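Written out below as structure tokens is the structure these notes cover.
Worth saying up front: this structure is predicted, and the values here are computed from it rather than measured.
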Amino acid sequence: MRIRIVDAFTDRPFAGNPAGVLLLDSFPDDAWLQNVALEVNHAETAFAHRLPAGREADWALRWFTPATEVALCGHATLATAHVIATTGAHQGPVRFATLSGILVATPEADGSITLDFPTAPLTPVETPDGVAGALGAEPLSTFDTGPNTGDLLIEVADEKTVLGLAPDHQALARYSERGIIATARAEDPSRGYDFVSRCFFPNVGIDEDPVTGSAHTALAPFWAERLGRPALTGLQASPRSGLVRTEVRGERTLLSGHAVTVIEGDLLV
């Protein structure tokens, strides 16, 4: 079967977030899926297969990190939609049946793809003791992002603080189900982004995720409320970096970005 590595939330190779993508006839057993994800060893590997006509979705989709299956992943969904579109496997918007419900990916005229995801329910919480030391910065506010992502979203003082974070990943692992999203307002919005973030997910085997679509289902409503606009652009300032265009529409959040296939080959097992 064909396996592809796709860089998501970027329009150039070797940036954004790489994901493995396999289009299958059906899902093999979970152990095989997990072993392939471990072999690929990127933040996520996506497995999809076509569903019979007449269903509420067109394709079934699952996501695995090297360590576990996850309930929601933005960049691997974008990567899968890119592969489906560029190979001609499906034309127009594609509906995915996932652990987080039906997710729709729509190809746009500029070559980008827009994902329709559930908006994360943000709940303000007390910052747990020890988080500031583990993160390496003092939180201004802390929110739980709900069951689909299982993160703590932590606002810090400014963009410079986000860029300079060097957290203790092992210590961070005890504070949330998946990890920590650190964010701040952009220092200069004329650079093309409104807020900045970094994502640390040690509990699913990813110390720092390059560009996290699912995190933006929490970042988008957080910053839309503070900046007074539903449509914003976020920069995830990992070493690879990437831009995510967001638009909050009540219980749904749109995430848009480009993707580039960088590797294509045969999986022999």
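- No side-chain heavy atom of T127 sits less than 4.5 Å from a side-chain heavy atom of V125.
- At a cut-off of 3.5 Å, with distance as the only test, no side-chain donor of N17 or D7 sits close to an acceptor on the other residue.
- Q34 places a side-chain N or O within donor-acceptor distance of the main-chain N or O of P66, the cut-off being under 3.5 Å.
- Residues H82 and P107 are not in side-chain contact: their nearest non-hydrogen atoms beyond the backbone lie 4.5 Å or more apart.
- No side-chain N or O of T119 forms a donor-acceptor pair with one of E251 less than 3.5 Å apart.
- Under a 4.0 Å N-O distance rule, the pair R2/E264 qualifies as a salt bridge.
- Salt bridge R185/D194: absent, no basic N to carboxylate O contact under 4.0 Å.
- Using a cutoff of 4.0 Å between basic side-chain nitrogens and carboxylate oxygens, R62 and D30 are scored as salt-bridged.
- Between H75 atom NE2 and T10 atom OG1 the span is 12.5 Å, to the nearest 0.5 Å.
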**Intermediate values then yes/no, side-chain contact (heavy atoms from CB on, under 4.5 Å), R245 and H216** = CA-CA 9 Å; R245 300 195 306 272; H216 284 76; over 6 Å; no
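- A distance of 11.0 Å separates CG in L255 from OG1 in T212, rounded to the nearest 0.5 Å.
- A donor-acceptor contact shorter than 3.5 Å is absent between the side chain of D144 and the backbone of T123.
- The heavy-atom pair separating L78 from G257 by the smallest distance is CD1-O, 3.7 Å.
- Annotation for V196 and A237: closest pair CG2-CB, 3.7 Å, computed over non-hydrogen atoms.
- Checked by atom type, the side-chain pair E247/T253 shows no donor-acceptor distance below 3.5 Å.
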**Asked** Hey, mind stepping through L135 and F200 against side-chain contact (heavy atoms from CB on, under 4.5 Å) and telling me if it holds?
**Response** CA-CA 9 Å; L135 184 61; F200 309 105; 4.1 Å; yes
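- Using a 4.5 Å heavy-atom cutoff, the side chains of L22 and M1 are in contact.
- No chain of hydrophobic side-chain contacts below 4.5 Å, direct or via other Ile, Leu, Val, Met, Phe, Trp or Tyr residues, connects L99 to I102.
- Remark: the backbone N or O of D151 is paired with a side-chain donor or acceptor of T145 at under 3.5 angstrom.
- The 12-atom threshold is not exceeded at CG of D25, counting heavy atoms of other residues, nucleotides or ligands nearer than 6.0 Å.
- One distance of note links CZ of R50 with OG of S26; it measures 13.5 Å at 0.5 Å rounding.
- R198 has a carboxylate O that lies under 4.0 Å from a charged side-chain N of E208, or vice versa, which qualifies the two as a salt bridge.
- Atoms OG and CH2, from S197 and W223 in turn, are 10.5 Å apart once rounded to the nearest 0.5 Å.
- V104 and R95 make their closest contact through CG2-CG, 4.0 Å (heavy atoms, listed as atom of the first residue, atom of the second, distance).
- Under the 3.5 Å distance criterion, the side-chain polar atoms of R4 are left unmatched by any main-chain donor or acceptor of T261.
- No side-chain donor-acceptor contact under 3.5 Å links S112 to the backbone of E108.
- Hydrophobic clustering of Ile, Leu, Val, Met, Phe, Trp and Tyr side chains at less than 4.5 Å, counting indirect connections, unites V21 with L103.
- By the criterion of side-chain heavy atoms lying less than 4.5 angstrom apart, applied directly or through intervening Ile, Leu, Val, Met, Phe, Trp or Tyr residues, L172 is not grouped with L219; the two fall into different hydrophobic clusters.
- Inspection of the W63 and T77 side chains reveals an N or O donor paired with an N or O acceptor under 3.5 Å.
- Put simply, the side chain of I181 does not reach to within 4.5 Å of the side chain of L152, judged on heavy atoms.
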**Item:** Derivation of the side-chain contact (heavy atoms from CB on, under 4.5 Å) call for L38 and T45
**Value:** CA-CA 9 Å; L38 179 59; T45 298; over 6 Å; no
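- Counting heavy atoms from C-beta outward, P221 and L122 have side chains that approach closer than 4.5 Å.
- Defined by atom type and a distance below 3.5 Å, a donor-acceptor pair is present between the side-chain atoms of R178 and S214.
- Both V211 and V83 belong to a common hydrophobic cluster when Ile, Leu, Val, Met, Phe, Trp and Tyr are linked at side-chain heavy-atom distances under 4.5 angstrom.
- Remark: the S256 side chain and the T114 side chain contain an N/O donor-acceptor pair separated by less than 3.5 Å.
- In terms of heavy atoms, T161 sits closest to A137 at CG2-CB, 3.6 Å.
- Dense packing is recorded around CG of D110, with more than 12 heavy atoms of other residues, nucleotides or ligands lying under 6.0 Å away.
- Ring to ring, F143 and F222 are close: their centroids are under 6.0 angstrom apart.
- When side chains are defined from C-beta on, W59 counts as touching I84, because their heavy atoms get closer than 4.5 Å.
- Taking the six-membered ring wherever Trp is involved, the centroid distance between the rings of H258 and F9 does not fall below 6.0 Å.
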**Request:** Walk me through it: do T80 and F96 pass the test side-chain contact (heavy atoms from CB on, under 4.5 Å)?
**Result:** CA-CA 10 Å; T80 305; F96 292 113; 4.0 Å; yes
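- The minimum heavy-atom distance between P210 and S238, with the atom names listed, is O-OG, 2.8 Å.
- P118 is listed as a side-chain neighbour of N148, based on a closest heavy-atom distance under 4.5 Å.
- A donor-acceptor pair is defined here as one N or O able to donate and one able to accept, closer than 3.5 Å; such a pair exists between the side chain of Y175 and the backbone of D129.
- Looking only at distances, a side-chain donor or acceptor of T246 sits under 3.5 Å from a matching main-chain atom of L232.
- Grouping the Ile, Leu, Val, Met, Phe, Trp and Tyr side chains by contacts below 4.5 angstrom, directly or via other members, places L115 apart from F47.
- Contact of the L140 side chain with the V156 side chain is not registered, since no non-hydrogen atoms from C-beta on lie closer than 4.5 Å.
- Among all heavy-atom pairs drawn from F64 and A37, the shortest one is CB-CB, 3.6 Å.
- H42 contributes atom NE2, which lies 12.0 Å from atom CG of D209 (distance to the nearest 0.5 angstrom).
- Here the CG-CG distance, from D116 to L254, works out to 5.5 Å after rounding to the nearest 0.5 Å.
- For the 3.5 Å distance criterion, the side chains of Q236 and Y193 fail to qualify, holding no donor opposite an acceptor.
- E155 and T183 share no donor-acceptor pair across their side chains, judged by distance under 3.5 Å alone.
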